[in-house]
Amino acid sequence: MAHLQRVGFTQDFQVLKPKPIPDQRILAAHDPAHLDFLLASQPEDGILPLDPDTWMSPASLSAAKLAAGAVFAGMDCVLNGPEQRVFCAVRPPGHHAERASAMGFCLLNSVAIAAIAALDHRDVNRVAILDFDVHHGNGTVDICRHRPEILVCSSFQHPYYPNRLDDLDQVNIVNTPLQAGSDGSVFRAAIERDWLRAIEAHQPDIIFVSAGFDAHTRDPLADLHLVEDDYRWVTDFIVAMANQYAQGRIVSTLEGGYDLDALAGSALAHLSALA
Ligand SMILES: [Zn+2]
């Protein structure tokens, strides 16, 4: 947000504040026991681990509900309001949260919750979720695998965390594994090879993006070598798909990205292409 303010981006575009996602929207994507578990796990002070990666503070569940609420509000803006594209600058991320479990810093799967909610809209019969985070979007796949109206395309370093649900072979789940050390040219060729045909066949009415920027070459968590220009390229690709099939409608949400300078520059490249 500081970088977007510094370069004047936030002056040119509207910045909205989200409301928490209602529980019934969470329960359309997650098991009721999962929400009960998160409520019961909330510490009164300090921080407590749900697993070695995923910790909760007294404010974590509120933050996760606001993050999911932002993606939901973005979807509502794009389908019912004046906007064509929305980016949600939120944390925590969501794409590792499965139907019944929190993992990988993720408590609620914001993008899956909003994608399922979008299907309630009269103009929406099919949805696509495109995930270029360096980690596989296992939670999104888990929640959407039995919903053929949702296409999930995920590119990810492989083999690598989370090593779950990355070998499903079904029409609405497109997995694009990339070897450690792959650079932008490998990434671009794989996206064109795997995603283009799947999106053309699915013809989504709205596109959601799980925009993680941890495949950046400077990111400390993984070993792919993307740069800002690769994020501009993949966003241009997504915009072209949205313009062709989805009346230009895109709701993008932040997932990973752990080198703050690389995150800021990559998010700006993504936003500039969306704009
Ligand atoms: Zn990630």
Side-chain angles (χ1 to χ4, degrees), residues 49-56 60 63-64 67-68 70-71 87-98 101-115 129-144 152-168 173-184 186-187 190-191 194-195 208-228 230-231 234-235 238 251-271:
L50 304 180
D51 68 31
D53 296 318
T54 314
W55 294 63
M56 281 185 90
S60 296
V71 187
F87 177 71
C88 306
V90 296
R91 285 278 161 83
H95 73 152
H96 292 308
E98 297 189 352
S101 60
M103 61 183 281
F105 317 151
C106 302
L107 304 181
L108 299 173
N109 196 315
S110 305
V111 81
I113 291 169
I129 301 173
L130 309 179
D131 183 333
F132 55 74
D133 188 278
V134 81
H135 303 97
H136 181 242
N138 62 293
T140 309
V141 168
D142 182 51
I143 292 168
C144 301
V152 181
C153 300
S154 179
S155 62
F156 51 95
Q157 183 176 325
H158 180 74
Y160 200 50
Y161 183 91
N163 290 312
R164 286 167 67 77
L165 302 173
D166 55 24
D167 56 356
L168 292 187
I173 306 295
V174 176
N175 288 314
T176 301
L178 301 165
Q179 281 183 3
S182 298
D183 65 6
V186 175
F187 170 75
I191 296 295
D194 293 351
W195 292 14
F208 290 86
V209 183
S210 271
F213 298 104
D214 42 9
H216 193 281
T217 191
R218 286 171 55 186
D219 196 276
L221 257 59
D223 190 25
L224 294 190
H225 299 298
L226 302 196
V227 295
E228 281 77 350
D230 297 309
Y231 291 114
V234 73
T235 310
I238 293 167
V251 179
S252 175
T253 184
L254 184 63
E255 299 281 2
Y258 305 101
D259 177 286
L260 289 183
D261 291 334
L263 171 60
S266 301
L268 182 61
H270 178 58
L271 279 163

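Order of listing sets the numbers, starting from 1, for every ligand and every atom in it. All figures in this text were calculated on a predicted structure; none of them were measured in a lab.
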| Taking C-beta and beyond as the side chain, do Glu228 and His216 meet within less than 4.5 Å on heavy atoms? | yes
| message | Nearest 0.5 Å, please: how far is OG in Ser155 from CD1 in Ile191? | response | 4.0 Å
| query | By atom name, which N, O or S atom of Asp214 is the nearest to the Zn ion (ligand 1)? | reply | OD2
| task | Specify which N/O/S atom of Asp133 comes nearest to the Zn ion (ligand 1), by atom name. | result | OD1
| message | Considering only residues two or more places apart or on different chains, which pairs with a residue in residues 256-268 satisfy side chain to side chain donor-acceptor pair (under 3.5 Å)? | response | none
| Donor-acceptor contact present, side-chain Asn109 to main-chain Ala97, <3.5 Å | yes
| message | From the N, O or S atoms in His135, identify the one nearest to the Zn ion (ligand 1). | response | ND1
| request: Using a cut-off of strictly less than 2.8 Å, determine whether Glu255 has an N/O/S atom near the Zn ion (ligand 1). | output: no
